[in-house]
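One structure below.
Every heavy atom of this structure was used, including side-chain atoms; hydrogens, water molecules and symmetry mates were not. Within every chain, numbering begins at 1; the chains are lettered A, B, ... in the order of the sequence lines, protein sequences first and strands thereafter.
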Number of protein chains: 2
Amino acid sequence: MSDPNDRLPPLNALRAFEAAARRLSFTQAADELNVTPGAISQQIRQLEDYAGTPLFKRTGRSVLLTDAAQASLPLVREAFERISEAGRIMQAPARKGRVMVSCAPSFAAKWLAPKLGEFHRTHDGVEAWISADMGLTDFTMADADFAIRYGRGVYEGLKSEKLLDETVLPVCSPALLEGPDAIKKPEDLRHHTLLHDESGENDPSCPDWASWLRARGVEGVDGNRGPRFNQAILVIESAAAGRGVALAKQAIAASDLASGRLVAPFADGSTLIDFGYWLVWPKGRHLSPDVRAFMKWVKTEATKGEIVGV
Amino acid sequence: MSDPNDRLPPLNALRAFEAAARRLSFTQAADELNVTPGAISQQIRQLEDYAGTPLFKRTGRSVLLTDAAQASLPLVREAFERISEAGRIMQAPARKGRVMVSCAPSFAAKWLAPKLGEFHRTHDGVEAWISADMGLTDFTMADADFAIRYGRGVYEGLKSEKLLDETVLPVCSPALLEGPDAIKKPEDLRHHTLLHDESGENDPSCPDWASWLRARGVEGVDGNRGPRFNQAILVIESAAAGRGVALAKQAIAASDLASGRLVAPFADGSTLIDFGYWLVWPKGRHLSPDVRAFMKWVKTEATKGEIVGV
DNA sequence: CACTCTTGTTTAGTATTGCTGATCGATCAG
DNA sequence: CTGATCGATCAGCAATACTAAACAAGAGTG
């Protein structure tokens with residue numbers, strides 16, 4: 001009669017519950033789980049049948065958690081964290097020799113990817129995969145081993161370690177240093193297009209052209225004109241193509257500066273900003289030897305860059 | 001593309017995995033989950049597809065865990081413990097005012113049940129349910145709020161609190177104290193049937209008739225003859241029916257001794273044994289106010305009994 | 001106040017998943 | 001070798017989960 005298994009809640013319904021409770025929205029939960037809202041609604045109802053009590057207060061507009069849901073949610077969350085981690089561990093043998101790092105597209109393309117060949121040469125048998133994604137989605141469940149994030153280094157539930165500081169400086173194609181409108185001093189910028197990087201928008205310490213010019217007392221240059229890009233790499237590529245002068249992130253521009261594709265027209269142009277690059281991974285995660293090796297290598301590369309650059 | 005949800009293992013397959021890993025047998029796992037072995041086999045295979053690596057080493061005869069399974073199993077277990085507990089908490093509002101205690105059939109019938117009326121009278125609005133089951137099944141998942149167990153009080157993963165000591169003493173129907181074969185001293189037992197309780201078999205400190213007689217230097221009585229019962233209550237009822245003299249557990253016999261249905265023929269007959277009755281519940285479990293009240297009441301009843309009895 | 005937008009619910013139909021029951025192959029004990 | 005036991009496999013069936021579409025109920029807007 002009292003079969004112990006009957007006492008376990010329906011597991012798939014718990015997934016819907018967790019997502020809905022986290023978002024406080026069935027629609028968003030449905031979106032997250034790639035199902036229709038109706039499916040979520042049904043799963044929740046099934047769980048409520050099991051519980052014998054409502055889990056959400058439906059207030060027309062949105063939904064609220066009942067006490068029962070409130071009380072059980074932390075345990076459900078912990079359970080899923082463990083399941084997620086268990087899943088990773090199960091997969092570990094199959095992933096052996098592969099390290100997956102998630103990072104922002106620009107950083108991946110301009111900083112990480114060019115150095116990867118070197119890693120592969122020195123670490124035989126370990127291949128690195130880069131997953132370039134934008135959002136800093138809660139990745140306790142993502143399939144990356146760790147991530148490189150651009151920000152202040154404080155992330156809820158995640159451990160982080162500083163990788164690299166970031167500085168911002170004007171860069172342009174070497175072609176712009178010649179000819180009648182050659183850039184010699186900041187005032188010369190009036191003859192050129194200003195390229196705006198809006199990828200670091202939420203960092204108040206990151207200067208835009210307007211504040212950069214103001215800080216240097218440059219007159220007669222409108223710091224607001226010019227095209228805007230939402231990714232650092234786009235600014236860099238535009239600048240390299242000779243379209244204008246970019247206020248660029250040093251880490252992203254470094255390889256092009258080193259190759260001569262870009263030049264820094266002003267000696268004192270660079271500004272250290274608050275945001276930086278961080279190695280980030282979920283708190284309880286087991287890091288395999290391969291992953292550790294890769295992280296260590298990345299950090300070494302970063303210190304190298306600091307010696308050479310800026 | 002890399003949908004975070006795809007990274008979670010199939011949840012129902014995990015249940016099969018946990019059971020199979022615990023039992024190291026697909027057949028037994030199937031039995032536990034009330035499905036066929038084929039179903040388990042398929043679920044495990046599905047999980048192995050997910051993991052990309054085998055989880056069991058099939059050695060024809062039985063199965064062994066691979067490293068991947070070994071490593072992930074603890075997390076899976078913890079996850080299910082939390083899910084189980086979350087399930088209970090969800091159901092708490094619906095269970096309000098109900099306390100479910102699991103205990104051995106004899107103790108339930110002869111000790112607990114008779115006192116329940118009193119509890120109900122003093123604790124209005126709380127009803128107590130008794131689930132009398134024999135096995136001390138791992139009940140992290142059972143639906144009882146707590147259990148009363150007979151034993152030494154050490155249970156893996158469970159918390160316990162001493163409820164009652166147990167003593168063993170000869171009892172019989174008052175009818176046997178009269179007539180030509182009236183029982184006055186231990187030697188008189190030769191004229192009567194000895195009733196054997198084998199329910200405490202695994203307690204070496206618990207005397208049987210043979211050791212009881214030997215300890216008192218009684219000669220001429222064969223301590224091995226007579227019917228044997230595997231439950232304490234059966235011995236008691238046989239004795240009460242006048243069939244013979246039982247070496248009975250005090251706690252089980254107490255109510256019949258009090259009512260005069262049974263009597264203790266010898267003044268010095270009782271022996272304190274190692275085993276006793278314990279309140280037992282899973283370590284991380286949240287005990288509701290109702291449950292606490294019931295536990296407290298049970299303990300009070302137990303101390304009352306100690307004052308009156310023995 | 002009507003209109004519309006958003007959000008959750010419901011229902012019937014469909015797709016997916018999970019299970020059975022029978023059969024097979026392997027292993028081990030006698 | 002033979003019988004017994006255990007796991008794997010497969011086709012068919014049952015249960016579960018999902019979709020699509022219509023519906024209902026606030027909340028914001030003009």
Sequence neighbours excluded, which residues qualify as salt bridge (charged side-chain N to carboxylate O under 4.0 Å, His left out) partners of A:Arg98?
none

If you look only at distance, which donor and acceptor atoms sit under 3.5 Å apart when one is on a side chain in residues 37-45 of chain B and the other is two or more places apart or in another chain?
from	atom 1	to	atom 2	distance (Å)
B:Gln42	NE2	B:Gly38	O	3.3

Working note: A:Asp290 + A:Ser288, criterion side-chain hydrogen bond (donor to acceptor under 3.5 Å, both in side chains); need CA distance, chi angles, decisive distance, verdict.
CA-CA 5 Å; A:Asp290 290 342; A:Ser288 75; 4.9 Å; no

Taking the ring centre of each residue, are A:Phe107 and A:Tyr150 less than 6.0 Å apart?
no

How many Å lie between CG on A:Leu55 and C1' on C:dG8, as a whole number?
15 Å

Closest non-hydrogen atoms of A:Glu85 and A:Gly284, given as atom of the first, atom of the second and distance, are OE2-O, 4.1 Å

Take the protein atom CD of A:Glu48 and the nucleotide atom C1' of C:dG8, then report the distance between them rounded to whole Å.
12 Å

Length of the line joining A:Phe56:CZ and C:dT7:P, which is rounded to integer Å
15 Å

What string of B, S and - do you get for nucleotides 3-19 of chain D 5' to 3' if you count protein non-hydrogen atoms under 4.0 Å?
--BSSSBB------SBB

By salt bridge (charged side-chain N to carboxylate O under 4.0 Å, His left out) - contacts of B:Arg225 (at least two apart)
none

Angle of first-five versus last-five pair axes in the helix from C:dC1-D:dG30 to C:dG30-D:dC1, to 10 degrees
30°

Can you run down the ring-ring contact (aromatic ring centres under 6.0 Å, His included) pairs that involve residues 18-49 of chain B, sequence neighbours left out, and say none if there aren't any?
B:Phe26-B:Phe56

I'd like to know if B:Glu18 pairs up with A:Arg82 as an ion pair, taking the criterion as any Lys NZ or Arg NE/NH1/NH2 lying under 4.0 Å from an Asp or Glu carboxylate oxygen.
no

